[in-house]
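Values in this document were obtained by computation on a predicted structure and should not be read as measured data.
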Amino acid sequence: MYDQTKAPLYEALERFRKQRVVPFDVPGHKRGRGNPELVQLLGEKCVGLDVNSMKPLDDLCHPSSVIRDAEALAAEAFGAANSFFMVGGTTSSVQSMIFSVCKEGDKIIMPRNVHKSAINALVMCGAIPVYVNPEVDKKLGISLGMEPSKLEQAVKDNPDAVAVLVNNPTYYGICSDMRSIVKIAHEHGMKVLVDEAHGTHFSFNEKLPISAMEAGADMAAVSMHKSGGSLTQSSILLLNDTVNVDYVRQIVNLTQTTSASYLLMSSLDISRRNLALNGKTSFKKVMDMASYAREEINNIGGFYAFGRELINGTSVYDFDVTKLAVYTRDLGLAGIELYDILRDEYGIQIEFGDISNVLAYISIGDRLQDIERLVGALDDIKRLYKKDKRGMLSAEYISPKVAVPPRKAFYSEKVSLPLNESEGKICTEFVMCYPPGIPILAPGELITKEIIEYIEYAKSKGCNLQGTEDFAVEKINVLR
């Protein structure tokens, strides 16, 4: 039943392609014949596999054959009881987790440095966040993990909370003590939901941090397209046997498309097979490349590629060594400035740059020569672009003051004010740098002078600010 050499959905697609069935269904491009430019862009085989649900290919909303089998293989590969293929990105997986356990008025305990998808889910379902604000590394300016002692206090103060949401890991590779968090939550009858968007690989090499499923979490959202090798926008939602899979399917179908892309789904099937068969070896190479890069970058001087030395047993319980995050501020460069220089001057596209750091995402498709090119560019940039660091902001994360629940704030009467006149008001929308998509401000939070200065500084450094109704982020919506 669990033959990981098989890819049931992909194999069914290949069989279908060879049958040369005449299409009188959607999509309307009819295997590309109606849109030759699409064929030129994507190729005849790719467009030919862009098909609609039908009996031989199953239906994602109600899988009963090849999709069901592919999802079962994915669950087994990740050590879960069940899985769902998701074609709306890990945003849809995170939101489905929250919708599955929370209704309007329910409390959910979470760190504030969650992805915007989690807070968006609160806006939609009306759940109330109880934030366990993480510690911040004062040098790096990044938020750390969820500490069990702080979770204990949050649970004690909010015994009526229904769930705990955890990042595992953060964008920067910081991991929390997952086993302790699961134990605390379950002892108090709370479900554990894990945003494991950046930890897909944890299930495939024992030298990586513990995965959510292995730690006993109830649900986890994994971004297969990030470190798993599938196509962009494809994701998997994992469930343990503590969750009613049939109810979760109903929740997923509230928002997931009824026209699921077979290109995305087959990429999940193929990528799962690749990870199951080759993941241990592949991620050993990824770890080795990232560790080599970290050592070489630190030898340059000025840059700081941080790693396992941050582990302290509490706020940094473990560290994902595949994350190549580099602190830049000692060279007088904001991370976003280095991001722009690498792309514009050296032809190197990294994942993101923020106020103090950049992140180079190392995964199964990288090569050692690419690492060497990055290291060489950083060495060159140090020589050419180093400047005085005085006057630079350091904080990457500012703990918010929550005044009103997100849903209530988002749907309340509001007024638009110039950003510099909004101090002391309650925000009714999001403000964030994307990536990484962690809100600087979320609906219902108090706008402070410190936050205004941070937003203005981020704008001046070239961060991609978004989330506000005003595209230029010169005005902000606040409670009337």
Go through it in stages, so that I can follow the logic: the residues are R33 and E44, the test is salt bridge (Lys or Arg N to Asp or Glu O under 4.0 Å), and I'd like the CA-CA distance, side-chain angles, deciding distance and then a yes or no. CA-CA 9 Å; R33 291 194 299 270; E44 185 175 341; over 6 Å; no

Minimum side-chain heavy-atom gap M86-I236 below 4.5 Å: no

Would you call K280 and E206 a salt bridge, using N to O less than 4.0 angstrom? yes

Exercise: do E351 and Y339 side chains pair donor with acceptor under 3.5 Å: no

State plainly whether the residues E152 and K156 are in salt-bridge range, i.e. N to O under 4.0 Å. no

Test item: side-chain donor near acceptor, S315 and N312, under 3.5 Å: yes

Ring pair (Phe, Tyr, Trp, His ring centres under 6.0 Å) partners of H115, counting only residues at least two apart: none

Heavy-atom distance under 4.5 Å between the side chains of Y361 and K323, does that happen here? yes

Side chains of H201 and D320: is there a donor and an acceptor less than 3.5 Å apart? yes

Per-pair distances, 0.1 Å, donor-acceptor, side chain in residues 121-128, under 3.5 Å, sequence neighbours excluded:
none

Pair R273 + E11, salt bridge at N-O below 4.0 Å: yes

How far does CG of N168 sit from OG of S211, to the nearest 0.5 angstrom? 8.0 Å

So, R179 and E214, do they make that salt bridge, N to O below 4.0 Å? yes

Assess whether a salt bridge exists between K107 and D160, defined as any Lys/Arg side-chain N lying under 4.0 Å from an Asp/Glu carboxylate O. yes

What closest approach, in Å, do M190 and P159 show between heavy atoms, and which atom pair accounts for it? CE-O, 4.0 Å

Less than 4.5 Å apart, any side-chain heavy atom of M219 and any of V194? no

So, F352 versus Y434, ring centres under 6.0 angstrom or not? no

Check this for me: does any side-chain nitrogen of one of E71 and R68 sit under 4.0 Å from a carboxylate oxygen of the other? no

With sequence neighbours excluded, tell me which residues meet ring pair (Phe, Tyr, Trp, His ring centres under 6.0 Å) with Y262. none

Is a salt bridge present between E445 and R112, judged by a nitrogen-to-oxygen distance below 4.0 Å? yes

If you count heavy atoms of other groups shown closer than 6.0 angstrom to NZ of K6, is the number above 12? no

State whether D288 and K285 are salt-bridged, where the test is any N-O pair (Lys NZ or Arg NE/NH1/NH2 against Asp/Glu carboxylate O) under 4.0 Å. no

